[in-house]
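Below, all heavy atoms of this structure are taken into account, side chains as well, without hydrogens, waters or symmetry copies. Just so you know, residue 1 is the first one in the sequence shown, and it goes up from there.
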Amino acid sequence: MALPAAASGKANRGSGAAMAERPVLVLLHGLGANRHVWDGVAELLSVRGTSVLAPDFRGHGRAAWTGHYSFGAMAADVAAALHSEYAAEPYAVVGHSMGGAVALALASGWFGPAPASAATIGVKIRWSDEELARIDGLAARPPRGFDDRQAAAEWFLKLSGLFGVIPADDPRLAAAIDAGVAHDSGQELPWRASQDPATVSVGPPDLAALLPATKCPISMAIGERDPLVAADHHDDLAAAASANPLTAGVAEPHVFGGLGHNAMVEDPRAVAGWLAALPGFAAD
């Protein structure tokens with residue numbers, strides 16, 4: 001199991017039928033990041049009585065490097081963590097960027113019970129030939145070593161798209177960088193980012209296959225200033241979405257005004273409010 005046990009937090013869910021039906025909220029980070037990008041959203045929703053599971057994907061944060069990375073493998077890891085922590089309880093899932101594709105995979109029901117609802121933020125839809133051609137080379141690169149913590153932290157922030165969003169001395173970066181790690185080559189790396197470079201091999205998600213297969217309502221959102229995806233890119237999903245009434249709205253994403261790719265870090269309150277208003281994300 002690639003997910004660390006420390007990635008979950010059970011809220012005091014109270015008593016009564018309404019409380020008992022409140023779904024567990026699963027928060028999934030993007031490529032290069034870790035579960036702490038969801039800390040602000042998790043805190044806001046936990047005080048409302050929502051239990052939260054926010055794991056590190058394999059090859060990220062404090063999870064193990066496995067050498068095998070795919071959306072399916074990551075979805076299977078999350079499903080196993082859900083079964084261990086919240087067996088048979090209803091859940092809703094939201095994923096950022098790469099994590100959004102994993103959320104859609106879970107919504108298919110291929111890895112266990114489908115969620116009550118699924119949402120994504122900032123999933124990249126259009127990939128250039130140049131971007132696709134670079135994937136194998138990037139995935140094969142050895143991890144970069146740095147002589148000091150500051151340089152390693154700045155490298156993590158660039159990898160995760162968080163450079164300029166949070167400072168390099170933010171305490172949340174403790175799980176993002178490692179000290180004194182021996183690489184397979186025998187080289188000692190004084191400092192490194194905790195992301196396995198091979199995680200890049202997941203590549204682009206097959207949204208044309210995932211959307212028709214989902215078994216719960218799907219909502220998608222983007223930041224207005226996200227350099228990786230724009231509202232009109234979602235027009236590309238119209239044909240796939242038309243095959244499934246549960247995905248009818250994905251061609252018109254919710255737009256977080258003034259925010260970029262990491263909307264949940266930039267304005268946790270805006271994202272928490274959006275999630276709380278979605279069907280399937282709150283108690284009936």
**Q** Restricting to pairs with a member in residues 88-136, which pass ring pair (Phe, Tyr, Trp, His ring centres under 6.0 Å), not counting sequence neighbours?
**A**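 The answer is His96-His261.
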**Q** Do Glu154 and Phe163 have side chains that get closer than 4.5 Å, going by heavy atoms?
**A**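 Yes, close enough: below the 4.5 Å cut-off.
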**Q** I'd like to know if Met74 and Tyr86 are part of one continuous hydrophobic network [Ile/Leu/Val/Met/Phe/Trp/Tyr, side-chain heavy atoms within less than 4.5 Å].
**A**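 Yes.
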**Q** Mind checking what makes salt bridge (charged side-chain N to carboxylate O under 4.0 Å, His left out) contact with Asp236, not counting sequence neighbours?
**A**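 Applying salt bridge (charged side-chain N to carboxylate O under 4.0 Å, His left out) to Asp236 gives Arg126.
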**Q** Keeping His60 on the side-chain end and Arg58 on the backbone end, is there a donor-acceptor pair under 3.5 Å?
**A**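 Checking the backbone N and O of Arg58 against the side chain of His60, a donor-acceptor pair under 3.5 Å is found.
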**Q** Closest heavy-atom contact between Arg35 and Asp39?
**A**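 Distance-wise, the nearest heavy atoms are O-OD1, 4.0 Å.
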**Q** Salt bridge or not between Arg62 and Asp56? Use side-chain N to carboxylate O under 4.0 Å.
**A**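 Salt bridge flag = no for Asp56 with Arg62.
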**Q** Please check if the side chain of Ser201 supplies one atom and the backbone of Ala139 the other of a donor-acceptor pair under 3.5 Å.
**A**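 Side chain of Ser201 to backbone of Ala139: no pair is present.
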**Q** Would you check if the side chain of Asp267 reaches a backbone N or O of Leu259 as a donor-acceptor pair within less than 3.5 Å?
**A**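 No, Asp267 side chain to Leu259 backbone: no donor-acceptor pair under 3.5 Å.
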**Q** Can a cation-pi geometry be assigned to Arg144 and Trp155, taking NZ or CZ under 6.0 Å from the six-membered ring centre and within 45° of the ring axis?
**A**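 Yes; both conditions hold, so Arg144 lies above the ring face of Trp155.
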**Q** Using a 3.5 Å distance criterion without hydrogens, assess whether the side chain of Glu43 forms a donor-acceptor pair with backbone atoms of Gly40.
**A**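 No.
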**Q** Any side-chain donor-acceptor pair under 3.5 Å between Asn34 and Ser194?
**A**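 Judged by distance alone, the side chains do not pair up.
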**Q** CD1 of Ile121 to CD1 of Ile222: how many Å apart, nearest 0.5 Å?
**A**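 It comes to 11.0 Å.
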**Q** For the residue pair Tyr69 and Gly59, what are the closest heavy atoms and their distance?
**A**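 That would be OH-CA, 3.6 Å.
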**Q** Enter the distance from Leu210:CG to Asn244:CG here, rounded to the nearest 0.5 Å.
**A**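 Output value for this atom pair is 11.5 Å.
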**Q** Taking the six-membered ring where the residue is Trp, are the ring centres of His29 and Trp38 under 6.0 Å apart?
**A**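 Here the rings of Trp38 and His29 have centres that are no less than 6.0 Å from each other.
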**Q** What distance separates Ser219 OG from Leu278 CG, expressed to the nearest 0.5 Å?
**A**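 Those atoms lie 4.5 Å apart.
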**Q** Verify the cluster assignment for Leu237 and Leu228: are they in a single hydrophobic cluster under the rule of side-chain heavy atoms below 4.5 Å apart?
**A**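 No, because Leu237 and Leu228 fall into different hydrophobic clusters, even though each may have its own neighbours under 4.5 Å.
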**Q** Can you tell me if Thr247 uses its side chain to pair, donor with acceptor, with the backbone of Ala241 under 3.5 Å?
**A**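 Checked: pair present.
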**Q** Out of curiosity, Gln195 CD to Ile177 CD1, how far, rounded to the nearest 0.5 Å?
**A**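 These two atoms lie 14.0 Å from each other.
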**Q** Nearest 0.5 angstrom please: His254 NE2 to Thr120 OG1, how far?
**A**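 With rounding to 0.5 Å, NE2 (His254) is 12.0 Å from OG1 (Thr120).
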**Q** Spell out, yes or no, whether Val165 and Val37 are grouped together once hydrophobic residues are joined by side-chain heavy atoms under 4.5 Å, including indirect joins.
**A**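 Linked within one cluster.
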**Q** One thing to verify: whether Arg172 and Asp170 come together as a salt bridge, which I'm taking to mean a side-chain N less than 4.0 angstrom from a carboxylate O.
**A**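 Yes, this pair counts.
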**Q** Among Leu28, Asp77, Leu82, which residue satisfies the side-chain contact (heavy atoms from CB on, under 4.5 Å) criterion with Pro55?
**A**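 Only one of Leu28, Asp77, Leu82 forms a side-chain contact (heavy atoms from CB on, under 4.5 Å) with Pro55, namely Leu28.
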**Q** Using modelled atom types only, decide if a donor and an acceptor are shared between the side chain of Glu266 and the backbone of Gly260 within a distance under 3.5 Å.
**A**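 Yes; judged by distance alone, with no hydrogens or angles, the pair exists.
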**Q** For the hydrophobic clusters of this structure (ILVMFWY residues joined by side-chain heavy atoms under 4.5 Å, transitively), does one cluster hold both Val102 and Trp65?
**A**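 Hydrophobic grouping puts Val102 with Trp65.
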**Q** Grab the two heavy atoms, one from Ala92 and one from Pro23, that are nearest each other, plus how far apart they are.
**A**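 Answer, listing the atom of Ala92 first, then Pro23: N-CB, 4.0 Å.
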**Q** Of all heavy-atom pairs between Arg141 and Pro197, which one has the smallest distance, and what is that distance?
**A**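 Arg141 and Pro197 have their closest heavy atoms at O-CB, 3.4 Å.
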**Q** When rounded to the nearest 0.5 angstrom, what is the spacing between CG in Leu173 and CZ in Phe156?
**A**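 Leu173 CG to Phe156 CZ: 5.5 Å, rounded to 0.5 Å.
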**Q** State yes or no: do Leu211 and Leu246 share one hydrophobic cluster built from I, L, V, M, F, W and Y residues joined by side-chain heavy-atom distances below 4.5 Å, directly or via other members?
**A**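 No.
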